[in-house]
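Keep in mind it's a predicted model, so treat the numbers as computed, not measured. Per chain, numbering begins at 1; letters A, B, ... match sequence-line order.
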Number of protein chains: 2
Amino acid sequence: MDLQDAATGERRPETLGEEIFGRILELIYSTELAPGMVVNESVLATRFGVSRGPVREAIRRLQGIQLVSREPFLRARVVSLSAQAILELFQMREALEGYACRLAAQQMSEAEIDALIADLEAAHSGHQPEGARFDFHERVVRASGNSRIIDSLCGDLYHLLRIYRRISGAVPERKELAFTEHWQILRAIRMRDGALAESLMRSHVERAGRHVLAQVPETSSTDAADAEKRAS
Amino acid sequence: MDLQDAATGERRPETLGEEIFGRILELIYSTELAPGMVVNESVLATRFGVSRGPVREAIRRLQGIQLVSREPFLRARVVSLSAQAILELFQMREALEGYACRLAAQQMSEAEIDALIADLEAAHSGHQPEGARFDFHERVVRASGNSRIIDSLCGDLYHLLRIYRRISGAVPERKELAFTEHWQILRAIRMRDGALAESLMRSHVERAGRHVLAQVPETSSTDAADAEKRAS
DNA sequence: GGTTGAAAATGTGTCAACAGTTTTGAGGGG
DNA sequence: CCCCTCAAAACTGTTGACACATTTTCAACC
């Protein structure tokens, strides 16, 4: 039943609230808690064998990063993004990730750029170790050096994107196109052309957004009902 | 006092946690809880006449929007931004507010633009009603129509900026320069030149950031000691 | 038979007490 | 005089119980 212990992998006991936060996150990723479903404090508390306090804190944190929506006395629900919300999410990513790309073009060292190029080509050739998957976007964002932008993109927004990334997921021809675009961005970074790198990254993110939007037509209203039905 | 309370003026206390959140926010704004000071759950609980539960929730929310820093069993502290952190904060604002400005140039109606121009000039002439202060940046951001960017800029980041805005605050010649820049941005929006509007907004925010940075040389390390001393 | 109303059931908000951890400070040794 | 040790104090993390709000159920009534 408690098969998530391996996921944390940490020997050091943090607080229960933190652990429960991660556990609920796993439930959301695994769609056991699908968008639109209610998040019941008592049920989760008994399931995890803890009191309602830590569960409550975890839900508040999930609310903080906009993964669950909640109103004062109403039940909390996993967010179900409308098409408009997804569009806005990708717009924000465009703004932030584009700017991060510009910063990366200014601040990365030659060695870092070479290493990133090598990793990109290795991943494309299929030589990537399956354990640590290569994530081009995360690498670029972290290279920006702006920890606030890094936290925002790799933290809050990343969780939201991950829910809907599974939908687009493995589409072969899209993958090939993404590689080409990644390579163009890297070339701009190597040329230290921040404006071009930012522009290319924006176009790349916008294309990805349109791709996700095309595969998620109208799930916002139906999700709640479907989820509710499956729960019974 | 600014975002929600002033909107309706009379807001029934929804939950205690929400109210305590606002109360603590006021304490931080009034520098009674200055950057670097510890935020004690029990003390605040007895002060507000409630249990530790709501206070705890409020502090978690403050942690969520990065206004207090906290580690598992250590005491929570009001964040004390280093020069580097302030720089990163303004960079993120550059990215987001610039993009919002571009969106505004695409989406605002002619009437909205005219209204904003009128309000800007009225505020500059001193005809602004003191109750509802004119905030150019907030108006432009809200005109972008992207609720996620709006929430981020007018919510989380706004609270952080507000702590350090009081420092720069009322500098006459800066105010005149800001008006000129605001007016140039609006002209670009009216010409529907999104790229120019974004570029101008970025420069404007970057200038503001340098201005704040110049007035906050090295307070990050001293704040904690000063605050600690005043508390005794 | 459908609708309205109250009461039970479900679930969230709040509280006071207990457990575990970090910090403080006094006492003893080097 | 400084440093180390160790226990008490202070604080955070967690729990179970109680109070209040919302939703649902179900029976009386039109």
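Applying the salt bridge (Lys or Arg N to Asp or Glu O under 4.0 Å) criterion to B/Glu97, with sequence neighbours excluded, gives B/Arg93. In this structure A/Glu112 satisfies the salt bridge (Lys or Arg N to Asp or Glu O under 4.0 Å) test with no other residue, sequence neighbours excluded. In this structure, A/Arg70 has no salt bridge (Lys or Arg N to Asp or Glu O under 4.0 Å) partners at least two apart in sequence or on a different chain. Residues satisfying the salt bridge (Lys or Arg N to Asp or Glu O under 4.0 Å) test with A/Arg148, not counting sequence neighbours, are none. Taking the side-chain contact (heavy atoms from CB on, under 4.5 Å) definition, one finds that A/Phe73 meets it with nothing, sequence neighbours left out.
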Every protein N/O within reach of nucleotides 12-14 of chain C N/O, cut-off under 3.5 Å:
unit_1: C/dT12; atom_1: O3'; unit_2: A/Pro72; atom_2: O; d: 3.3
unit_1: C/dG13; atom_1: OP1; unit_2: A/Arg70; atom_2: NH1; d: 2.9
unit_1: C/dG13; atom_1: OP1; unit_2: A/Pro72; atom_2: O; d: 2.3
unit_1: C/dG13; atom_1: OP2; unit_2: A/Arg56; atom_2: NH1; d: 2.8
unit_1: C/dG13; atom_1: OP2; unit_2: A/Arg56; atom_2: NH2; d: 2.9
unit_1: C/dG13; atom_1: OP2; unit_2: A/Arg60; atom_2: NH2; d: 2.7
unit_1: C/dG13; atom_1: O5'; unit_2: A/Arg56; atom_2: NH2; d: 3.3
unit_1: C/dG13; atom_1: N7; unit_2: A/Arg52; atom_2: NH2; d: 2.9
unit_1: C/dG13; atom_1: O6; unit_2: A/Arg52; atom_2: NH1; d: 3.1
unit_1: C/dT14; atom_1: OP1; unit_2: B/Leu16; atom_2: N; d: 2.2

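If you walk DNA chain D from 5' to 3' and mark each nucleotide with an atom closer than 4.0 Å to a heavy atom of chain B, the marks span D/dC11 to D/dT14.
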Show every donor-acceptor pair shorter than 3.5 Å between a side-chain atom in residues 150-160 of chain A and any protein atom, with sequence neighbours excluded, or say none if there are none.
unit_1: A/His159; atom_1: ND1; unit_2: A/Tyr29; atom_2: OH; d: 2.4

Side chains of residues 101-108 of chain B: which donor-acceptor pairs under 3.5 Å do they make with residues two or more places apart or in other chains?
unit_1: B/Arg102; atom_1: NE; unit_2: B/Glu198; atom_2: OE1; d: 2.5
unit_1: B/Arg102; atom_1: NH2; unit_2: B/Glu198; atom_2: OE1; d: 2.7

